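Treat the numbers as computed from the prediction; the structure is a model and nothing was measured.
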Amino acid sequence: MNKQQNILIIGAGLCGSLLALRLGQRGFNVAVYEMRPDLRKTDISAGRSINLAFSDRGNKAMKLVGIEDKVKSLCIPMNGRMLHDKEGQTFLSNYSGRDHEYINSISRGELNGLLLTEAEKHDNVTIHFNKRCKSVDFENTTVLFQDYSTKDEFIEDADAIIATDGAGSALRKSYYLERKFLFSFSQDYLTHGYKELSILPTETGDYKTYKNALHIWPRGDFMVIALPNLDGSFTVTLFLSYDKGEYNFNNLTTPEVVIEFFQKEFPDALELMPNLAEDFFENPTAPLGTVKCSPWHFKGNTLLMGDSAHAIVPFYGQGMNASFEDVVEFDGILDKHEAELSNGQSAWETIFTEYEKTRKKDTDAIADLAIDNFHEMKDHVSNPIFQEKRKIEMALEKEFPNDYSSKYSLVTFNEHIGYREAMLRGRAQDKAIINMLDDGIISPSDDLKVILKKVKTKTEAILEDDRIAGLH
């Protein structure tokens, strides 16, 4: 690789550190600037999703950079959703009828730290912390930074700038405010926010409830979820409206009301959380939003990647996985244009254009799917017809592992197909099964071969109708 190619990355979070590692492996000179301190030396998690769901699309990226085994040691397998009703009864709903398909709980900090350490092993990669990006001059490919401690401002330039600085991206802000080209941008917030809580380990360091599941307390318009950590604790998240309903974030103002709310709605969770009130008032309440924008790039100078281009709500467990898959897709496009880059030609505009063209339809799809799953998790999972549908799908996946995949499986475990294709087929299948259950055309007790044939026929008919209606 031509060493004249200098890449500047804004943001050393999960996407930025992976991108730095991969570009470093490819031989580029990479400089990364991060506004926060080095998370390997200081704890900066406070109330911000300290663990995440890691699945096949994310793992595809770990294979690409050769650290799959190191990442695996940070993972706790979750085979399904453990549903908790108000009486404290539990029901385990597997994610897949295939035993080898499951998602993992992983520590954000540990994974991010590993990626930074791996990236820094390359002499051509440098990472600078405590440097805030104030603005980007995307016409001249320069960035204005400010050092947090000295307050000194300085300008850096590069052959190409890639912003992986999250939902509040400084580069995206520059695109929007400068008005130098037509830039479309939307930011949609849910009426719900979230707050991080915790279930601490037992005195002997064990888990207080079943370890290998994503726990959900669905309550119609709000819910609590819990993911396991390696130290025996669970990270618990309350998703609740800001101002609607008997209990909401705006009226949960005293420890007594918070305890009363949990006693009424989540009594079995409350038993595991003597630290509830303390966590509740120590941790912030944060909003949940979706960011979509276009274009993601300006000429061959600058590019948005990861959450800076497509932030999504967390309900499909795909935010990190989608950002990691961005790097894999980008890497594939670099492969196609390696000759031009090696010859010192500036192929960045072609690369950025092609990357956005192939990637945006899929990131738009996972954003929409994540909102669908919000409603599914807080409400539909406890609906009898939904449970019948899941029962049929689990049986079909188990009996015909090569012939059937649910929407969840298509999105989460079929990393060789794009999110958009997974969404269209998955939604059509859901519609087919629910309609046929509703009309009495199929039931969970029917012969599975017959059910599979009916589901496939009906799904293809719905896909064809969608195609004619111009939905594809």
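- Environment of CG in Leu182: sparse, with no more than 12 heavy atoms of neighbouring residues, nucleotides or ligands closer than 6.0 Å.
- A side-chain donor from one of Asn229 and Thr235 sits under 3.5 Å from a side-chain acceptor of the other.
- By the ring-ring contact (aromatic ring centres under 6.0 Å, His included) test, Phe129 pairs with no residue at all, sequence neighbours left out.
- Side-chain polar atoms of Lys292 and Ser186 form no donor-acceptor pair below 3.5 angstrom.
- Between Tyr316 and Phe374, the ring center distance fails the sub-6.0 Å criterion.
- A distance of 6.0 Å or more separates the ring centres of Tyr247 and Phe222.
- At distances below 3.5 Å, not a single donor-acceptor pair connects side-chain atoms of Asn212 with backbone N or O atoms of Ile76.
- Between Asp362 and Arg420, no side-chain nitrogen of the basic residue sits less than 4.0 Å from a carboxylate oxygen of the acidic one, so the salt-bridge criterion is not met.
- Side-chain contact of Glu397 with Ser409: a donor-acceptor pair under 3.5 Å is present, judged by distance alone.
- For His128, the ring-ring contact (aromatic ring centres under 6.0 Å, His included) partners at least two apart in sequence or on another chain are Tyr33.
- You'll find the side chain of Glu110 stays beyond 4.5 Å of the side chain of Leu230, heavy atoms only.
- Using a 4.0 Å cut-off between a side-chain N of Lys or Arg and a carboxylate O of Asp or Glu, Arg427 and Asp466 do not qualify as a salt bridge.
- Applying the ring-ring contact (aromatic ring centres under 6.0 Å, His included) definition to pairs two or more places apart or across chains, those involving residues 284-310 are Phe138-Phe298, Phe181-Phe298, Trp296-His310, Trp296-Tyr355.
- Contact annotation: the side chain of Leu214 approaches that of Ile216 to within less than 4.5 Å [non-hydrogen atoms, C-beta and beyond].
- In the model, Tyr404 has no side-chain atom that pairs as donor or acceptor with a side-chain atom of Glu399 under 3.5 Å.
- Under 3.5 Å, the side chains of Ser241 and Asn248 contain no donor-acceptor pair of N or O atoms.
- Of the residues listed (Leu190, Asp364, Asp368, Val313), the one engaging Thr290 in a side chain to side chain contact (heavy atoms under 4.5 Å, CB included) is Val313, and it is the only one.
- In this structure, a donor-acceptor pair under 3.5 Å is absent between the side chains of Arg425 and Ser405.
- Side-chain contact annotation: Ser96 with Glu101, donor-acceptor N/O pair under 3.5 Å present.
- In this model, a donor atom of one side chain and an acceptor atom of the other lie less than 3.5 Å apart for Gln25 and Arg22.
- For Glu356, the salt bridge (charged side-chain N to carboxylate O under 4.0 Å, His left out) criterion is met by no residue, not counting sequence neighbours.
- Looking only at side-chain heavy atoms (C-beta outward), Leu240 and Leu252 come within less than 4.5 Å of each other.
- Here the side chains of Leu304 and Ser169 are in contact, with some heavy-atom distance below 4.5 Å.
- Between the side chains of Asp279 and Asn275, at least one donor-acceptor pair of N or O atoms lies under 3.5 Å.
- The neighbour count for Lys458 NZ, taken as heavy atoms of other residues, nucleotides or ligands under 6.0 Å away, does not exceed 12.
- The backbone N or O of Arg40 sits less than 3.5 Å from a side-chain atom of Asp38, completing a donor-acceptor pair.
- Counting only heavy atoms from C-beta outward, the side chains of Asp403 and Lys456 approach each other to under 4.5 Å.
- Salt bridge status for Glu354 with Lys357: absent, with no side-chain N to carboxylate O gap under 4.0 Å.
- Salt-bridge annotation for Asp465 and Lys431: absent, with no side-chain N of the basic residue lying under 4.0 Å from a carboxylate O of the acidic one.
- Enclosure of atom NZ in Lys60 by more than 12 non-hydrogen atoms of other residues, nucleotides or ligands within 6.0 angstrom is indicated.
- Side chains of Thr302 and Ile162 form no contact here, defined as non-hydrogen atoms less than 4.5 Å apart.
- For the pair Leu14 and Leu52, the minimum side-chain heavy-atom distance is below 4.5 Å.
- In this model, a donor atom of one side chain and an acceptor atom of the other lie less than 3.5 Å apart for Gln187 and Tyr189.
- Under the rule for a salt bridge (charged side-chain N to carboxylate O under 4.0 Å, His left out), Lys173 has no partner lying at least two apart in sequence or in another chain.
- Asp85 and Trp217 form no side-chain donor-acceptor contact under 3.5 Å, judged by distance and modelled atom types alone.
- Trp348 has its ring centre less than 6.0 Å from the ring centre of Phe28.
- With a 4.5 Å cut-off on side-chain heavy atoms, Leu21 and His122 count as touching.
- Every ring-ring contact (aromatic ring centres under 6.0 Å, His included) that Tyr176 has, sequence neighbours left out, goes to Phe185.
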### Message
What verdict does the salt bridge (Lys or Arg N to Asp or Glu O under 4.0 Å) test give for Glu388 and Lys391, after you've listed the backbone C-alpha separation in whole Å, the side-chain angles of each residue and the deciding distance to 0.1 Å?
### Response
CA-CA 5 Å; Glu388 281 195 343; Lys391 200 171 166 184; over 6 Å; no

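- By the neighbour-count criterion of 12 heavy atoms within 6.0 Å, atom NZ of Lys244 is sparsely surrounded, having that number or fewer from other residues, nucleotides or ligands.
- Asn321 places no side-chain N or O within donor-acceptor distance of the main-chain N or O of Arg57, the cut-off being under 3.5 Å.
- In this structure, Phe234 has its ring center under 6.0 Å from that of Tyr207.
- The aromatic ring centres of Phe266 and Phe262 sit less than 6.0 Å apart.
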